[in-house]
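Whatever order the structure lists ligands and atoms in, that order sets their numbers, starting from 1. Residue numbers run from 1 in the order of the sequence given.
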Amino acid sequence: MKDPISQKLKSIPVSIFSVMTNLANKHNAINLSQGFPDFPMPDFIKEAAYKAIKDDKNQYAPSIGIPELRKELSKKYKTFYNLDYDPNKEITVLTGATEAITSVLLGMHDPGDEIIIFEPYYDAYMAVCQFNGIIPKTIPLDYPNFTINKSKLEEAFSSKTKSILINTPNNPTTRVFNKEELRLIGDLAVDHDVFIITDEVYEHITFNGNQHIPIASFSDIRDRVITISSFAKTFSATGWKIGYALASEEVSKSIRLSHQFITFCSATPLQYAYAEALKTDRSFYINLQNEYKKRRDILSKGLVDVGFETFPTEGTYYIVADITPFGFNDDIKFCEFLIKDIGVAAIPMSEFYSKQYKRKNLVRFCFCKKIKNLEMANQRLQKLKEYES
Ligand code: PMP
Ligand code: GLN
């Protein structure tokens, strides 16, 4: 038999999120690895989905998304960020941020085009590059603050660079890139005439006065920016997989071309439900942040108490922790031990680095979980004190 795996996929690993969740389930560990809430999504959004299904909104949606959702998204970007996006020409509904990343990267790049990506990165970026022969030019964020290094970024550009891909608030580092960092990216994008693709799925989860700034809000670069986001984190429904991309009319055309033959359209009744969800008022978003702040503080206290060195969480629902105090120098081995011997699952961050810049001392815990489960995780983690060196 011929090898069923294409050469392109050969070096793509099995998703670390699947690996860790499966191992956590097998050993009954509290799963603080894959980032999904273990509490229910808001009832009013579920009701809107039930209604759409009962009202027979069950056939193909328009490929670019239902008009009601695109209109509400346009209003949202105006209200939150004072950004104007034409719902017909500049907003495309996609099947989660994952499909958005795929449709944008495939729609805009040819094999051999270079794209600048910061390390540590969200794993899907590298895999999608691989699908299409796009060349990722990765550069590390400075350690330990995960800030953007100006000279490394300047050096990463070449005549083949087509775009730069950023993620803020950032998974896994939790950084919320500040105005100066975003301005630097914008200036270099203009100098080198490249696009900026920005993944902002955690836009509504920020802490300690760190404000999410969409890079599209710098008016001089607005038409170079492709903003990707998703409802998964904001409305606690990672299984619904509805996302979107905002871009100029010309760029949207390219995204729509690839999207129509990747999924064609996204789940129709869920689009109706999110159009309703977007009508909710500001208090929803304030409450979301307050709830996550409580959870962050509980987990952070638990981690510090048992001897982890933690990094401040600026945004997202993750905490990065250094495993060195426990005598481990391999994050994957540590995560396996943590699941099997301690009963808690985390993500080894070496999976988010290339060979060249790999670090093996960091793990990522998520706190998008019921408070009682975070407290139980803290209790289990107490056993780690026996291993502290
Ligand atoms: N980008 C980042 C940075 C993520 O953490 C995730 C995971 N939610 C995604 C994209 C994928 O989002 P979705 O579930 O909407 O496909
Ligand atoms: N975004 C989620 C995380 O970072 C996982 C997404 C996935 O499972 N592919 O944990």
Side-chain angles (χ1 to χ4, degrees), residues 12-25 31-38 41 65 69 73 92-105 117-129 141 146 165-177 197-206 212 214-215 226-246 259 262-263 266-267 270-271 273-274 277 292 299 313-320 335 345-353 362-369:
I12 293 178
V14 175
S15 153
I16 191 67
F17 304 116
S18 305
V19 172
M20 286 299 149
T21 285
N22 290 342
L23 200 62
N25 291 342
N31 190 359
L32 307 187
S33 65
Q34 191 178 23
F36 63 89
D38 67 352
M41 71 180 298
L69 181 54
L73 277 169
T92 309
V93 177
L94 301 158
T95 305
T98 309
E99 196 240 330
I101 294 159
T102 309
S103 288
V104 168
L105 293 191
I117 296 177
F118 293 102
E119 298 196 26
Y121 39 68
Y122 182 60
D123 58 354
Y125 306 153
M126 301 302 276
V128 177
C129 286
L141 293 168
F146 298 117
L165 172 52
I166 64 170
N167 168 218
T168 182
N170 185 268
N171 178 12
T173 69
T174 88
R175 277 296 319 286
V176 178
F177 292 138
I197 301 165
T198 176
D199 175 345
E200 304 186 353
V201 300
Y202 299 94
E203 62 187 305
H204 293 296
I205 309 174
T206 56
H212 168 63
I215 194 165
I226 299 93
T227 303
I228 289 172
S229 195
S230 151
F231 301 104
K233 318 292 167 185
T234 307
F235 295 122
S236 304
T238 57
W240 277 24
K241 301 298 282 187
I242 306 284
Y244 53 89
L246 312 182
H259 162 66
I262 292 176
T263 57
S266 308
L270 306 187
Q271 293 192 45
Y274 280 140
Y292 273 135
L299 181 62
T313 294
E314 295 185 359
T316 76
Y317 45 48
Y318 305 112
I319 297 177
V320 176
C335 285
I347 293 284
M349 278 179 41
S350 58
E351 291 286 313
F352 305 143
Y353 283 96
L362 301 176
V363 298
R364 190 201 77 179
F365 292 90
C366 71
F367 54 81
C368 45
K369 303 292 167 184

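- Set against the non-hydrogen atoms of Asn167, the atoms of ligand 1 under 4.0 Å away are 3 (C).
- Not counting sequence neighbours, Phe118 has no partner by the ring-ring contact (aromatic ring centres under 6.0 Å, His included) test.
- Closest heavy-atom approach to atom 9 (C) of ligand 1 within the set Tyr317, Trp240, Tyr122, Tyr125: this belongs to Tyr122.
- Protein residues lining ligand 2, listed by chain and number: Phe17, Gln34, Gly35, Tyr122, Asn171, Tyr202, Lys233, Tyr318, Arg364 [non-hydrogen atoms, distance under 4.0 Å].
- The distance criterion of under 3.5 Å between nitrogen or oxygen atoms is met by Ser230 with respect to ligand 1.
- Phe177 pairs by the ring-ring contact (aromatic ring centres under 6.0 Å, His included) definition with nothing, not counting sequence neighbours.
- Under the 3.5 Å distance criterion, the side-chain polar atoms of Asn167 are left unmatched by any main-chain donor or acceptor of Asn170.
- For His212, the ring-ring contact (aromatic ring centres under 6.0 Å, His included) partners two or more places apart in sequence, or in a different chain, are Tyr81.
- Between Tyr202 and Tyr317, the distance separating the two ring centers is shorter than 6.0 angstrom.
- Among protein heavy atoms, atom 5 (O) of ligand 1 sits closest to Tyr202 OH, 2.6 Å.
- Taking a 4.0 Å cut-off on heavy atoms, Lys233 registers as neighbouring ligand 1.
- Counting only distance, with no hydrogens or angles, the side chain of Thr313 and the backbone of Tyr318 share a donor-acceptor pair below 3.5 Å.
- For atom 12 (O) of ligand 1, the nearest non-hydrogen atom of the protein is Ala97 CB, 3.4 Å.
- The protein heavy atom nearest to atom 14 (O) of ligand 1 is Lys241 NZ, 3.2 Å.
- Between the side chain of Thr174 and the backbone N or O of Thr316, no donor-acceptor pair lies under 3.5 Å.
- The ring of Phe231 has its center closer than 6.0 angstrom to the ring center of Tyr244.
- Ring centers of Tyr274 and Trp240: under 6.0 Å apart, within the cut-off.
- In this structure, atom 2 (C) of ligand 1 lies nearest to the protein heavy atom Asp199 OD2, 3.4 Å.
- Looking at atom 16 (O) of ligand 1, its nearest protein heavy atom turns out to be Thr98 OG1, 2.6 Å.
- Without hydrogens or angle criteria, Asn22 side chain to Ala24 main chain gives no donor-acceptor distance under 3.5 Å.
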